[in-house]
Amino acid sequence: MESIVLYPAPDRGHLISTVELAKLILSQKPSLTIHIIVINPPIKLGSTAPYISAVSATVPSIKFHHLPTVSMDPNSYPNSLAIMFDHFRLVNPHVADLLRSLYRDFTVRCLIIDLFCFPALEIASELNIPAYYFFTSGASCLAVFLHLPNLYETTSQNFNDLHTTFLNLPDFPPIPLSHMPVPILFRNNPECLYFIECAANLKKSAGIIVNSFESLEQKAVKLLSSSSSREGFCIPDSTVPPVYCIGPLTTTTSQTGANMHECMTWLDTQPSRSVVFLCFGSMGLLSKQQLQEIAFGLERSQQRFLWVVRNPPSDNQSKDPMNQPDPDLDLVLPSGFLDRTSSRGLVVKSWAPQVTVLSHISIGGFVTHCGWNSVLESILAGVPMVAWPLYAEQKLNKAFLVEELKLALPMNSEPERGELVSAAEVEKRVIELMDSEEGDSVRKRVVKKRDEAIAALSHGGSSRVALAKLAESWVRN
Ligand code: UDP
């Protein structure tokens, strides 16, 4: 029997797109038994158990393998990222045990790992198993990441302070280095060093699978392929393995009870394309002051809205930003806001079934934190965006979406007020998105990209061709 092992990061966003990749591979090679290794960390990053149960029940050929837990004291780490990164090192001997035992009983065609799981590369190399990456963000972001180790060497300053030094990749928008991914903004943090190591290891793989499609990111795809063949403009000092854009992959496992969620019945009562949806991913926590600015901005905009509100961060909360208690809306929102806006707005606590919401006919716009899954989900639903990045690589995604692809309007923050976005900015952007010529042009471009995405995934489309090439490379290896 053959197997392919996928090794995702333990958070929901990375896990879901990796499982979708597994489903896609299965559709290509139905005879394969695919083993998915799911890390079972001592500190969970959000609840993944219901999702895993749903997949196991519907796609039995995908097997989840729970690794034994390792001994870690969460209190000795500064944040959830530090926990996750150290966890990958500590758990690696268990990954080695698993791969060795699989290797005895199966033909292991390849190992496909997440960006953060590079310690597993060594084991793959020892067992002579070809190792690929599954890059869960876009091709433009991948090009920047491949360039990061080199960029890191060119300065001794923190990227966080480099507001007027710009990324200089051929055909890329001039992105200030202070907009690099959050973990690397301060160079002496252990998380920064781990992240740079993650980026440096990308080029040691047999290939990089990207959750994107060629016509979405043409310039980046061209740069990556010319860097791979070393012809034309190349990413400086980086050899790039073959890149396979096989997306967009978004969840196809139905969200339990999604259609029953109170927000769906409320959306049913709203006019077509009239509602702006605000949702900030699985980790986006906004301060009480920021929530109040949003509330005032929405109220003054007079637009219909559906807003997912999460508890503001506080010092005594758990380190897992995905596992927070529901907010007390009367405490975090301005007094009387819910009553004053009840005829045209709905606030839901903590979580909404985003994919189902975005595909509802009443949704006309999306204020998003620019997590890559959210971006792809919005494109596939043909919904224009306002880009409000919060963490991870989201400022890069915003630059590509706003400056390069023009699929989103910017939401500008005020650095002198701790990156606060004012009520006036929220009001302005929401009106621009929902009720202006500019917003309409963005919507038309997104709809065009949605059609291109569907074509890429169809028979003979670029993503299907890339998948076939990927499968061929496994046979060759
Ligand atoms: N999501 C959701 N409801 C919410 C918040 C998030 O269904 O209230 C889903 C969203 O549809 C997406 C994922 O969680 O699939 C978030 O992934 P993304 O890459 O956008 O951001 P991350 O949470 O990883 O920063």
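From a predicted model like this one, the values you see are computed outputs, not experimental measurements. Order of listing sets the numbers, starting from 1, for every ligand and every atom in it.
Using modelled atom types, one finds a donor on one side chain and an acceptor on the other under 3.5 Å when comparing Tyr77 with Asp86.
In terms of heavy-atom proximity, Cys263 sits nearest to Leu346 at CA-CD2, 3.7 Å.
Using modelled atom types, one side-chain atom of Ser422 and one backbone atom of Glu425 make a donor-acceptor pair closer than 3.5 Å.
A parallel orientation is assigned to the rings of Phe277 and Phe366, their planes being inclined by less than 30° (bins at 30° and 60°). In this structure, Phe116 and His14 have parallel ring planes: the angle between them is below the 30° cut-off, well short of the 60° mark. Using cut-offs of 30° and 60° on the angle between ring planes, the pair Tyr194 and Phe118 is tilted.
For ligand 1, the atoms lying closer than 4.0 Å to a non-hydrogen atom of Cys279 are 4 (C), 5 (C), 8 (O). Atoms of ligand 1 found under 4.0 Å from any heavy atom of Glu377, numbered from 1 in the order shown, are 10 (C), 11 (O), 12 (C), 15 (O). Every atom of ligand 1 is numbered from 1 in the order shown, and the set under 4.0 Å from a heavy atom of Gln394 is 25 (O).
The shortest heavy-atom distance from His14 to ligand 1 is not under 4.0 Å. Contact annotation: Arg12 has no heavy atom less than 4.0 Å from any atom of ligand 1. Look at Phe280 and you'll find every heavy atom at least 4.0 Å from all atoms of ligand 1.
Counting only non-hydrogen atoms, the option in Ala352, Ser282, Ala392 that gets closest to atom 8 (O) of ligand 1 is Ala352. Atom 25 (O) of ligand 1 has its nearest heavy-atom neighbour, among Phe277, Trp351, Tyr391, in Tyr391.
With a 4.5 Å cut-off on side-chain heavy atoms, Leu115 and Thr136 do not count as touching.
Of the heavy atoms in Trp372, only backbone atoms (N, CA, C, O) come closer than 4.0 Å to ligand 1.
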